[in-house]
Trainee: 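The structure is given below, and queries will be raised subsequently.
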Amino acid sequence: MAVFSKLISVRILSGVPVLACLCSLLVAVAAPAPVSARAPDPRAQSGSAQRIAAVVNNDVISVRDLNTRMALVMATSGMPNTPEVAQRVAPQILRALIEETLKLQEATRAGTIASPEEIQGGVRRLEQQNGMPPGALERNLRAAGLEWDAVLRQVKAEISWVNYVRRTLLGRASVSPEELAIYENQLKRNLGQPEYLIANIFLAVDSPGQEAEVRALADRLLEQLRKGASFGALARQFSRSASAERSGDMGWVAPGDFDPEVLEALSTMQAGNVSRPIRTYGGYEIVLLRSKRTAGSAGNGTPLARIVLPSAGPQALPPDRFQALRSQVSTLRGCEAFNRLAEELGAPSAPVAMVGPESLAPEIRSRIQGLGVGQVSPALKFDDGEAYFMVCERPPEGIPPRDELRDRLVQRKLEGLSQRRLRDLRQQAIIDIRI
């Protein structure tokens with residue numbers, strides 16, 4: 001089943017920082033999932049499915065809740081829904097449900113629970129960003145045998161948490177002139193050094209007793225990635241990093257931004273490679289290297305993604321599929337949605353990569369010249385089909401303006417404050433795991 005997710009990350013509007021993440025939203029865009037990925041039929045469930053999996057303060061997470069979320073995770077990540085895989089991933093999925101419950105509890109106390117209108121608006125924006133008509137998200141998920149209420153609970157929890165962070169933590173994310181100057185000087189020192197466009201999955205080891213369990217999960221996720229599972233979907237469902245809200249995307253990072261063990265792995269990787277599980281402070285990290293560049297150089301090229309729709313030859317699409325994809329591509333906005341479709345289609349379509357101007361054919365250069373970031377290019381037609389392109393960034397020469405640097409620091413602070421507050425809630429909560 002082809003599955004998309006979408007989010008709106010931290011951004012600054014009219015000078016006011018706004019955190020507006022729509023995290024782990026699920027959009028089915030193709031045929032229903034195979035039976036193995038379907039949630040269990042409630043009518044066929046045994047009494048064991050109604051047992052308690054965990055109690056979080058006074059709220060109960062049932063075994064049925066866990067099974068339902070398991071089906072969603074399998075369907076969205078492309079992992080096989082087998083007993084062996086389920087046994088490996090169940091502890092992490094239960095932890096995610098526990099954190100989701102803590103978010104809803106804290107948002108309830110603070111009065112920041114998402115309204116029905118906010119939830120409906122979030123779902124509708126998701127449909128619009130992926131070129132879907134109203135109601136298509138729910139119809140497709142139900143057709144795939146997945147429970148719509150479970151998805152709405154995820155949406156509600158994440159929007160409620162966003163509201164909570166905005167109301168209670170935003171005032172603590174201010175950036176002083178001194179902090180901005182230090183960050184600006186750091187970027188200046190990095191000019192001419194390598195930078196990496198990466199995404200990550202971070203699996204926390206909270207106690208020594210979890211070491212073997214978490215390492216086994218990391219190995220399982222890597223195995224599924226090598227079999228074609230979506231990196232972004234796995235990051236959203238399993239990663240404990242703040243980047244999970246952005247499908248694992250960490251953007252462009254310099255050597256000083258991550259652990260030496262990760263830097264060592266990146267230095268030997270090629271664009272498109274996924275690292276082995278790397279043991280770092282606090283857990284295991286799996287890194288996807290999307291591209292490399294030299295910091296501050298305008299001659300690095302352009303981060304470009306492409307979608308190719310073949311109409312003839314061995315890879316030719318059926319006519320109805322070709323027309324449906326052509327219509328879908330024309331509605332895509334932003335590189336996240338464009339990259340996901342490129343990943344789904346596979347070669348010769350390709351997600352974002354750094355492309356030098358000298359390597360582009362004149363016909364392609366003419367279509368991306370002046371194209372806005374995140375906009376779909378006019379179709380490039382050829383004998384065997386047509387291609388579309390999207391510019392994902394216009395790298396500036398030198399370092400970005402100070403307003404952009406301040407926005408980055410605000411985003412980092414908000415993410416850190418959000419993660420620390422969630423950690424405190426876990427430590428303060430009474431959590432009784434019963435399975």
Trainee: With a 4.5 Å limit on heavy-atom distance, are the side chains of R279 and R215 in contact?
Mentor: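 Side-chain contact under 4.5 Å: no.
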Trainee: List the atom of V214, the atom of A204, and the distance in Å for their closest heavy-atom pair.
Mentor: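 Minimum heavy-atom separation between V214 and A204: CG2-O, 3.5 Å.
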Trainee: Would you say CD of Q120 has more than 12 non-hydrogen atoms from neighbouring residues, nucleotides or ligands within 6.0 angstrom?
Mentor: no
Trainee: Please check if the number of heavy atoms outside E261 that lie under 6.0 Å from its CD is greater than 12.
Mentor: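 More than 12 heavy atoms, drawn from other residues, nucleotides or ligands, come within 6.0 Å of this atom.
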Trainee: Quick one: are V55 and I61 in side-chain contact, heavy atoms under 4.5 Å?
Mentor: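 V55 vs I61: side chains apart.
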Trainee: Kindly determine whether R88 and D219 satisfy side-chain contact (heavy atoms from CB on, under 4.5 Å), including the steps that lead there.
Mentor: CA-CA 10 Å; R88 289 282 182 88; D219 290 337; 5.8 Å; no
Trainee: Under the side-chain contact (heavy atoms from CB on, under 4.5 Å) criterion, do F231 and S247 qualify, and how do the steps go?
Mentor: CA-CA 8 Å; F231 192 98; S247 304; over 6 Å; no
Trainee: Between E386 and R326, is the salt bridge (Lys or Arg N to Asp or Glu O under 4.0 Å) condition met? List the steps.
Mentor: CA-CA 9 Å; E386 55 192 48; R326 173 191 273 178; 2.9 Å; yes
Trainee: Do you know which two heavy atoms are closest between F338 and Y388, and how far apart they sit?
Mentor: CZ-O, 3.7 Å
Trainee: Would you sort out whether N163 and R167 count as a side-chain contact (heavy atoms from CB on, under 4.5 Å), showing the intermediate values?
Mentor: CA-CA 6 Å; N163 293 344; R167 178 179 296 182; over 6 Å; no
Trainee: Tell me whether the count of non-hydrogen atoms from other residues, nucleotides or ligands lying under 6.0 Å of CG in D383 goes above 12.
Mentor: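 Counting neighbours around CG of D383, 12 or fewer heavy atoms of other residues, nucleotides or ligands fall under 6.0 Å, so no.
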Trainee: Please determine whether a side-chain nitrogen of the Lys or Arg among R421 and E106 lies less than 4.0 Å from a carboxylate oxygen of the Asp or Glu.
Mentor: yes
Trainee: Give a yes or no on whether Q428 atom CD has more than 12 heavy-atom contacts from other residues, nucleotides or ligands under 6.0 Å away.
Mentor: yes
Trainee: To the nearest 0.5 Å, how far apart are CG in L405 and CD in Q186?
Mentor: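 If I round to the nearest 0.5 Å, the distance is 10.5 Å.
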Trainee: Measure from NZ or CZ of R306 to the centre of the six-membered ring of F389, then state whether that distance is under 6.0 Å and the direction lies within 45° of the axis.
Mentor: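 No, a cation-pi geometry is absent between R306 and F389.
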Trainee: Determine whether V376 and T331 make a side-chain contact, defined as any pair of heavy atoms from C-beta on separated by less than 4.5 Å.
Mentor: no
Trainee: So which atom in E285 and which in F202 form the shortest heavy-atom distance, rounded to 0.1 Å?
Mentor: OE1-CD1, 4.3 Å
Trainee: Do R408 and E404 meet the salt-bridge criterion of a basic N to acidic O distance under 4.0 Å?
Mentor: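 Between R408 and E404 there is a salt bridge, with a charged N closer than 4.0 Å to a carboxylate O.
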Trainee: How long is the gap from CG on L94 to CD1 on I435, to the nearest 0.5 Å?
Mentor: 5.5 Å
Trainee: Measuring from atom CD1 of I433 to atom CD1 of I52, what distance do you get when rounded to the nearest 0.5 angstrom?
Mentor: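 If I round to the nearest 0.5 Å, the distance is 13.0 Å.
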Trainee: Using only atom types and a distance under 3.5 Å, with no angle test, would you say the side chain of E118 pairs donor to acceptor with the backbone of S115?
Mentor: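 Side chain of E118 to backbone of S115: a pair is present.
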Trainee: Grab the two heavy atoms, one from Y284 and one from P277, that are nearest each other, plus how far apart they are.
Mentor: CD2-CB, 4.2 Å
Trainee: Hey, what do you get for CE (M250) to CD1 (I198), rounding to the nearest 0.5 Å?
Mentor: 4.5 Å
Trainee: Does the side chain of S311 come within less than 4.5 Å of L317's, by heavy atoms?
Mentor: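 No, too far: nothing below the 4.5 Å cut-off.
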Trainee: Using the rule given for side-chain contact (heavy atoms from CB on, under 4.5 Å), can you reason through R290 versus Y196, listing the C-alpha separation, both sets of side-chain angles and the distance that settles it, and then say yes or no?
Mentor: CA-CA 8 Å; R290 296 190 182 279; Y196 304 90; over 6 Å; no
Trainee: Judged by atom type as modelled, is there a donor-acceptor pair below 3.5 Å linking the side chain of N200 to the main-chain atoms of I286?
Mentor: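 Not a single qualifying donor-acceptor pair exists.
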Trainee: Where do A229 and L234 come nearest, in terms of heavy atoms and distance?
Mentor: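 Looking at all heavy atoms of both residues, the shortest contact is CB-CD1, 4.1 Å.
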Trainee: Any sub-3.5 Å donor-acceptor pair from S241's side-chain atoms to S243's backbone N or O?
Mentor: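 Present.
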Trainee: Is it the case that the side chain of S275 and the backbone of V287 share a donor-acceptor pair, with hydrogens and angles ignored and the cut-off at 3.5 Å?
Mentor: yes
Trainee: Ignoring hydrogens and geometry, is there a side-chain-to-backbone donor-acceptor pair from R236 to G232 under 3.5 Å?
Mentor: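 Answer holds: yes.
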Trainee: Run the salt-bridge test on K103 and E158 with the 4.0 Å N-O cut-off and return the result as yes or no.
Mentor: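 E158 and K103: salt-bridged.
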Trainee: Kindly indicate whether the side chain of L197, heavy atoms from C-beta on, has any atom under 4.5 Å from the side chain of L289.
Mentor: no
Trainee: Nearest 0.5 Å please: distance from the CG atom of L104 over to the OH atom of Y164.
Mentor: 13.0 Å
Trainee: Are R220 and E84 within salt-bridge range, i.e. N to O under 4.0 Å?
Mentor: yes
Trainee: In the structure I gave you, are the side-chain heavy atoms of Q237 and I93 within less than 4.5 Å of one another anywhere?
Mentor: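 Not in contact.
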Trainee: Is there side-chain contact between L345 and L309, with at least one heavy-atom pair below 4.5 Å?
Mentor: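 With C-beta onward as the side chain, the pair touches.
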Trainee: Tell me, with the steps shown, if W161 and S418 meet side-chain hydrogen bond (donor to acceptor under 3.5 Å, both in side chains).
Mentor: CA-CA 9 Å; W161 186 249; S418 173; 2.8 Å; yes
Trainee: Using 4.0 Å as the upper bound for N to carboxylate O, is an ion pair formed by R240 and E99?
Mentor: yes
Trainee: Is it true that atom NZ of K156 has more than 12 heavy atoms of other residues, nucleotides or ligands lying nearer than 6.0 Å?
Mentor: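 Atom NZ in K156 is not packed in, count stays at 12 or less.
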Trainee: Check this for me: does any side-chain nitrogen of one of R340 and E336 sit under 4.0 Å from a carboxylate oxygen of the other?
Mentor: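 Counted as a salt bridge, because a side-chain N and a carboxylate O are separated by less than 4.0 Å.
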Trainee: Does R367 reach the main-chain N or O of E363 with its side chain, forming a donor-acceptor pair under 3.5 Å?
Mentor: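 It does hold such a pair.
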Trainee: What pairs with S349 under side chain to side chain donor-acceptor pair (under 3.5 Å), at least two apart in sequence or on another chain?
Mentor: none
Trainee: Would you check if the side chain of N140 reaches a backbone N or O of L137 as a donor-acceptor pair within less than 3.5 Å?
Mentor: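 The answer is no, because no donor-acceptor pair under 3.5 Å joins these two groups.
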Trainee: Could you check whether R426 pairs with D424 (Lys NZ or Arg NE/NH1/NH2 to Asp/Glu carboxylate O, under 4.0 Å)?
Mentor: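 Salt bridge flag = no for D424 with R426.
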Trainee: With a 4.0 Å cut-off on N to O distance, would you call R226 and E223 a salt bridge?
Mentor: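 Not counted as a salt bridge, because no side-chain N and carboxylate O are separated by less than 4.0 Å.
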Trainee: Do N57 side-chain atoms and I430 backbone N/O form a donor-acceptor pair below 3.5 Å?
Mentor: yes
Trainee: For salt bridge (Lys or Arg N to Asp or Glu O under 4.0 Å), just list the numbers for R153 and E100, CA-CA rounded to whole Å, side-chain angles, deciding distance to a tenth of an Å, and then say yes or no.
Mentor: CA-CA 9 Å; R153 186 180 190 274; E100 190 175 283; 2.3 Å; yes
Trainee: Got a donor-acceptor contact below 3.5 angstrom from the Q105 side chain to the V56 backbone?
Mentor: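 Yes; judged by distance alone, with no hydrogens or angles, the pair exists.
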Trainee: Report the residues that fulfil side chain to side chain donor-acceptor pair (under 3.5 Å) with R276, sequence neighbours left out, ordered by chain and then residue number.
Mentor: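 Here no residue qualifies.
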Trainee: Can you tell me how far the CD atom of Q328 sits from the CG atom of L341, to the nearest 0.5 Å?
Mentor: 5.0 Å
Trainee: Below 4.5 Å, heavy atoms only, C-beta onward: do V123 and V151 meet side chain to side chain?
Mentor: no
Trainee: What is the minimum heavy-atom distance between C392 and A305, and which atoms define it?
Mentor: SG-CB, 4.3 Å
Trainee: Is the side chain of D65 donor-acceptor paired with the backbone N or O of S62 at a distance under 3.5 Å, no angle test?
Mentor: yes
